[in-house]
There are 2 protein chains.
Amino acid sequence: MATIKDVAKLAGVSIATVSNVLNGGRYVSPELRSAVLQAVRTLGYVPNGVAQSLRSRKTQTLGLIVPDITNPFFSGLVQALERSARDRGYQMLLCNSEENAELEFDLALALASRQVDGLIVIPTQDSPEYLRKLKADGLPVVLLDRIGGEDDLDRVGVDNFQAARVGTEFLIRQGHREILLLVSTLELSNIRDRAEGYRQALAAAGIPQDPQWVIECGKDAPSLEAVLEAIQHHRPTAIFASTNRLSLLAIQAIRRLKLGFPEEISLLGFDDFEWSTLLEPYLSAVVQPIEALGFQAAQILLDRLKGDTSPPKRVLLPCDLAVRQSVQRR
Amino acid sequence: MATIKDVAKLAGVSIATVSNVLNGGRYVSPELRSAVLQAVRTLGYVPNGVAQSLRSRKTQTLGLIVPDITNPFFSGLVQALERSARDRGYQMLLCNSEENAELEFDLALALASRQVDGLIVIPTQDSPEYLRKLKADGLPVVLLDRIGGEDDLDRVGVDNFQAARVGTEFLIRQGHREILLLVSTLELSNIRDRAEGYRQALAAAGIPQDPQWVIECGKDAPSLEAVLEAIQHHRPTAIFASTNRLSLLAIQAIRRLKLGFPEEISLLGFDDFEWSTLLEPYLSAVVQPIEALGFQAAQILLDRLKGDTSPPKRVLLPCDLAVRQSVQRR
DNA sequence: GTGAAAGCGCTAACAG
DNA sequence: CTGTTAGCGCTTTCAC
């Protein structure tokens, strides 16, 4: 690979001049400029980004840690993030934490050591301590989606409480009073918020509650068994699946039990995605603004890189309710 | 951020010694060693990966260009790739080409300029010329999934011809003779291979063919209209959707036309994915070994990085046929 | 067994 | 207007 020296020699100028025509640093006479450009072309010179980074102390790279790229919600976020980053001249180092807190920690350190300019994390647990430290060490961090804890970190997510409340109210308005809530794990505060929204909606409607109606199904490999059992035991008229994965599980359970769907049992999901059109009747769901989430997170981080030192931001986006066919009036 | 100099000063040794205890370069006496380790700990020293890269001419980073992370087939590939890379101490710069050849080219150059150690590309078009050049310049490249053209590049994909042939034969064995083939675009050789497998299966069964039965639906935003029209015009008893996206489209068309499914019309898909379980009857499909594809691609690339200079490899993995409910015997 | 110093490729401050 | 040079943080010779 040709270096800046090779170009300088071939063009008969100093390396400073090469650098200046390439980066528009200072004025260079037309003659030298074209000589340089010519040399660049004949050598196929491409600047060494690593050297640039070492020198400038900027890598133009963002680190991104995601629990599972395979989940359409996360892959949608990744897409939005990558696009925003690219538009602003940044590249993205993508890591998969596989819902493993320890791995997540190691990955974050590895990214920091690689000198990423900033970090976007969808954490495995609420507001991990180590991220505060990284931030204190000067690495801008923004938390995405899972934004629990009264953090001093920037974070963008959705108003889970409100979203779940609106969803539950919709179910209630459709005449449902026996509503099963499926959650992944109550260890995540955004899931707890959803549970709380559900509870408050019930309370406001004067519907008696029972913690037993909130079913914890597991974060990584949610169990069908739990859902089957809960349905058989409680005989709900509606299920509110608070996660896209859980909608899938609910469907499987409903089919397994050969319940009439949606006549006998209604289903309200969380998140909208291309493949949910495979389901018939078409899934009604609380939908998160995936693009906007990714975009906002990138925006905030990039602003920080530009020197924004305002106090930590907290962006809570609203969800929509997509009313389709899987919820039937009672 | 502390540098190696700070550590050396605090430990009262030279930077060479610090480097040596950290990288196990040469023997260091126990006393100095522990002094260094101590200093590292109190300073919270983390080596600067950029400097290491500049010096060692290795970034421990792989570039990955994918047409659409949002497609479960690709995101599955990304997951497998990332895992393999991570297991061997590599990180991944992920780029989304959005099915845009020009963007893909720019991204590849940007990655090369960032000195990635190797490149894995799922190209937008068959065997792009520029990749040969990058390889000639010393950048190991492996093509994944879309591996058309008689390349001198390493490539791993699936035996599309065979897979489509087996799928079509299955349909024929179930008594179907009027089989519509849905393809994204015949510009991709792997799709052409699928079409060819379909044709050969028909030919072998003595079923007359008509190029009109192969419907091109478009690569990025396949059109429902084309499918609707084709079904109405040809009245097939079965549809073979040669792409996961196309299965979705086929379903939508079948529903729109209110055809009995699978009694009136059968559907065979391509690719298996978690969310396809939403479909009832459950989709029968030709399934690609996603994990193995990703793993093999990473393997080959990493071997090249280790110095493997054998001639370009071509790995063709076989597909499976998942027989479920969406294809009905005639 | 350890330290000093060169140099990876680049940018920017300093000279002219 | 352009060239020379220091130095980013590290690894690795070369010297002792």
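To find a chain, count down the sequence lines: A is the first, B the second, and so on, and within it residues start at 1.
Rounding to whole angstrom units, CZ of residue A:Arg57 and P of D:dG7 are separated by 13 Å. When the P atom of C:dG7 is taken as reference, atom CG of A:Leu54 falls 17 Å away, rounded to whole Å.
Environment of CD in A:Glu102: sparse, with no more than 12 heavy atoms of neighbouring residues, nucleotides or ligands closer than 6.0 Å. Heavy-atom neighbours of A:Gln38 CD from other residues, nucleotides or ligands within 6.0 Å: above the threshold of 12.
The closest side-chain heavy-atom distance from B:Gln79 to B:Ile290 is not below 4.5 Å.
B:Ser19 places no side-chain N or O within donor-acceptor distance of the main-chain N or O of B:Ile15, the cut-off being under 3.5 Å. Of the possible donor and acceptor atoms, none in the side chain of B:Glu99 sits under 3.5 Å from a partner among the backbone N and O of B:Asp220. In this structure, the side chain of B:Ser53 engages the main chain of B:Gly49 through a donor-acceptor pair within 3.5 Å.
Residue B:Leu144 comes nearest to B:Pro123 through the heavy atom pair O-CD, 3.9 Å, listed as atom of the first residue, atom of the second, then distance. Between A:Lys135 and A:Pro312 the shortest heavy-atom distance is NZ-CG, 3.9 Å.
Of the residues in residues 27-43 of chain A, those lying under 4.0 Å from DNA chain D by heavy-atom distance are A:Tyr27, A:Val28, A:Ser29, A:Leu32.
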Readout for nucleotides 10-16 of chain D: B = base within 4.0 Å of protein heavy atom, S = sugar-phosphate only, - = neither; 5' to 3' it is BBBBB--
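OP1 and OP2 of C:dT2 both lie 4.0 Å or more from every side-chain N or O belonging to B:Thr17.
No contact: B:Val50 has no heavy atom under 4.0 Å from any strand.
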